[in-house]
Amino acid sequence: MEGVSFLLPIEFDLVATFLAALTGVWAASRRGYDLVGAFMLALVTSVGGGLLRDSVFIAQVPLVMQDARYLWAISAALVIGTLTFRWSERISHVFSYTDALAMGVYGVYGANWALISGIAPEASVLVGLCNAVGGGLIRDVLVREEPLMFKPGQLYAIAALAGCALYVTLSHGYGWGDQRAAWTAIGTTLLVRMAAI
């Protein structure tokens with residue numbers, strides 16, 4: 001049985017948006033940015049990959065422009081990220097784990113959206129990968145840090161690629177239910193990334 005039956009719930013994308021925005025706020029706080037700077041970094045971190053997915057690969061109006069819940073998720077991350085910054089600095093790797101979870105969710109949502117849009121399975125893996133790593137790459141460049149994707153041993157893009165490929169294989173190739181395949185792929189991305197961390 002081949003084919004993806006339905007689009008994953010938008011809550012997947014909203015959760016990834018919130019988590020990615022949270023890493024943007026924490027990165028901004030490390031640099032001493034003000035509230036405007038923190039919001040802008042949260043915005044580009046959280047929607048950067050989705051803009052690539054929607055505008056470049058799927059050629060539609062980006063979801064962030066169609067649904068106000070994305071801006072609410074980013075705004076919530078701004079408040080929570082500002083309040084939890086000192087806590088996040090004290091707990092080892094909380095930034096990296098949050099980023100890894102956002103990356104896993106974004107990857108499967110991007111791959112799912114691509115499959116639903118009629119993009120070939122192999123290309124859908126690429127769309128998911130770009131959706132997963134796009135925002136984090138922009139965040140790192142804007143704060144003038146070497147992108148995690150380019151650092152040896154981080155397995156950043158490899159973890160995202162593994163999750164996207166597994167999702168497409170399970171859902172499209174083996175007919176797994178979309179959510180079951182999604183959670184398996186997200187878990188795989190997280191485990192690979194955690195092993196590197």
Side-chain angles (χ1 to χ4, degrees), residues 13-59 61-65 70-71 73-82 84-85 88-89 92-111 113-114 123 125-164 186 189-190 192-197:
D13 207 26
L14 291 170
V15 166
T17 299
F18 172 80
L19 293 171
L22 198 57
T23 68
V25 174
W26 288 340
S29 297
R30 280 184 192 156
R31 293 284 183 170
Y33 294 175
D34 64 11
L35 209 55
V36 173
F39 178 79
M40 292 308 296
L41 195 58
L43 180 68
V44 298
T45 302
S46 61
V47 302
L51 288 174
L52 275 174
R53 174 196 69 210
D54 296 340
S55 303
V56 176
F57 296 110
I58 299 177
V61 176
L63 289 178
V64 70
M65 301 300 201
Y70 285 93
L71 291 177
I74 295 165
S75 298
L78 179 65
V79 172
I80 293 170
T82 301
T84 60
F85 170 65
S88 73
E89 290 289 283
S92 181
H93 303 303
V94 70
F95 178 93
S96 298
Y97 294 148
T98 303
D99 188 52
L101 184 56
M103 188 173 64
V105 178
Y106 263 149
V108 298
Y109 196 82
W113 189 256
V125 172
L126 176 63
V127 173
L129 176 63
C130 291
N131 195 163
V133 303
L137 178 62
I138 295 169
R139 176 197 64 222
D140 294 344
V141 168
L142 288 178
V143 297
R144 299 178 304 281
E145 290 181 3
E146 181 183 0
L148 282 170
M149 192 166 78
F150 300 148
K151 289 184 179 179
Q154 290 296 312
L155 304 181
Y156 197 75
I158 299 298
L161 181 63
C164 294
I186 291 166
T189 301
L190 193 55
V192 173
R193 186 72 185 98
M194 284 172 70
I197 294 167

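We count residues from 1, following the sequence as given.
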Participant: Please find the pair of heavy atoms, one from Val105 and one from Ala16, that lie closest to each other, and give the distance.
Facilitator: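 Taking every non-hydrogen atom into account, CG1-CB, 3.7 Å.
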Participant: CD/Gln154 to CD/Glu146 distance, rounded to the nearest 0.5 angstrom?
Facilitator: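 Reported to 0.5 Å precision, the distance equals 9.0 Å.
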Participant: When you check the side-chain N and O atoms of Ser46 and Tyr70, is any donor under 3.5 Å from an acceptor?
Facilitator: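 Result is no, nothing qualifies.
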Participant: How many angstroms lie between CD1 in Ile197 and CZ in Phe95, if you round to the nearest 0.5 Å?
Facilitator: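 So the gap between those two atoms works out to 10.0 Å.
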Participant: Do Val94 and Thr98 have side-chain heavy atoms sitting under 4.5 Å apart?
Facilitator: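 Heavy-atom side-chain distance check passes, below 4.5 Å.
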Participant: Are Arg193 and Leu148 close enough that some pair of their side-chain heavy atoms sits under 4.5 Å apart?
Facilitator: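 Yes. Closest side-chain heavy atoms under 4.5 Å.
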Participant: Please check: side-chain N/O of Asn131 versus main-chain N/O of Arg53, any donor-acceptor pairing under 3.5 Å?
Facilitator: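 Flag not set: sc Asn131 to bb Arg53 has no pair under 3.5 Å.
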Participant: Quick one: closest heavy-atom pair of Ala38 and Ala28, and the distance?
Facilitator: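 It is CA-CB, 3.6 Å.
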Participant: Write down the atom of Ala73, the atom of Thr17, and the distance for their closest heavy-atom approach.
Facilitator: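 Shortest heavy-atom contact: CB-CG2, 4.3 Å.
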Participant: To check you understand the geometry: which heavy-atom pair defines the closest contact between Ala77 and Ala21, and what is its length?
Facilitator: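 So the minimum-distance heavy-atom pair works out to CB-CB, 3.5 Å.
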Participant: I need the minimum non-hydrogen distance between Pro147 and Val141, along with the two atoms involved.
Facilitator: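 Here Pro147 and Val141 meet closest at CG-CG2, 4.1 Å.
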Participant: Look up atom CE in Met103 and atom CD1 in Ile186, then write down how far apart they are to the nearest 0.5 Å.
Facilitator: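 Between Met103 CE and Ile186 CD1, I get 11.5 Å after rounding to 0.5 Å.
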Participant: Between Trp113 and Val127, is there a side-chain heavy-atom distance shorter than 4.5 Å?
Facilitator: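 Heavy-atom side-chain distance check fails, nothing below 4.5 Å.
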Participant: Does the side chain of Trp26 come under 3.5 Å of the side chain of Thr84 through a donor N or O and an acceptor N or O?
Facilitator: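 A pair is found: one side chain offers a donor N or O, the other an acceptor, under 3.5 Å apart.
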Participant: Once you round to the nearest 0.5 Å, how far does CG of Leu190 lie from CG of Leu101?
Facilitator: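 Output value for this atom pair is 6.0 Å.
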Participant: Answer yes or no: is there a side-chain heavy-atom contact under 4.5 Å between Leu63 and Tyr109?
Facilitator: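 In short, these two side chains touch, coming nearer than 4.5 Å.
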Participant: Report the distance from atom CD1 of Ile58 to atom CG of Leu52, rounding to the nearest 0.5 Å.
Facilitator: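 With rounding to 0.5 Å, CD1 (Ile58) is 11.0 Å from CG (Leu52).
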Participant: Is any NZ, NE, NH1 or NH2 atom of the basic residue among Lys151 and Asp140 found under 4.0 Å from an Asp or Glu carboxylate oxygen of the other?
Facilitator: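 Salt bridge absent between Lys151 and Asp140.
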Participant: Does the side chain of Val143 come within less than 4.5 Å of Tyr33's, by heavy atoms?
Facilitator: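 Side-chain contact under 4.5 Å: yes.
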Participant: If a pair satisfies salt bridge (Lys or Arg N to Asp or Glu O under 4.0 Å) and one of its residues is in residues 95-110, list it, with sequence neighbours excluded.
Facilitator: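 Sorted pair list: Asp99-Arg139.
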Participant: Measure the shortest side-chain to side-chain distance between Phe18 and Ile74 over non-hydrogen atoms and say whether it is less than 4.5 angstrom.
Facilitator: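 They are not in contact (no side-chain heavy atoms under 4.5 Å apart), so the answer is no.
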Participant: How close do Val125 and Cys164 get, counting heavy atoms only, and between which atoms?
Facilitator: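 Minimum heavy-atom separation between Val125 and Cys164: O-CB, 3.9 Å.
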Participant: If you define the side chain from C-beta out and look only at heavy atoms, does anything of Leu41 sit under 4.5 Å from Val25?
Facilitator: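 The answer is no, as the side chains (C-beta and beyond) never meet within the 4.5 Å cut-off.
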Participant: Say you draw a straight line from OG1 of Thr45 to CG of Leu19; how long is it, rounded to the nearest 0.5 Å?
Facilitator: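 Output value for this atom pair is 12.5 Å.
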Participant: With a 4.5 Å cut-off on side-chain heavy atoms, are Leu35 and Thr82 touching?
Facilitator: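 The answer is yes; the side chains approach within 4.5 Å.
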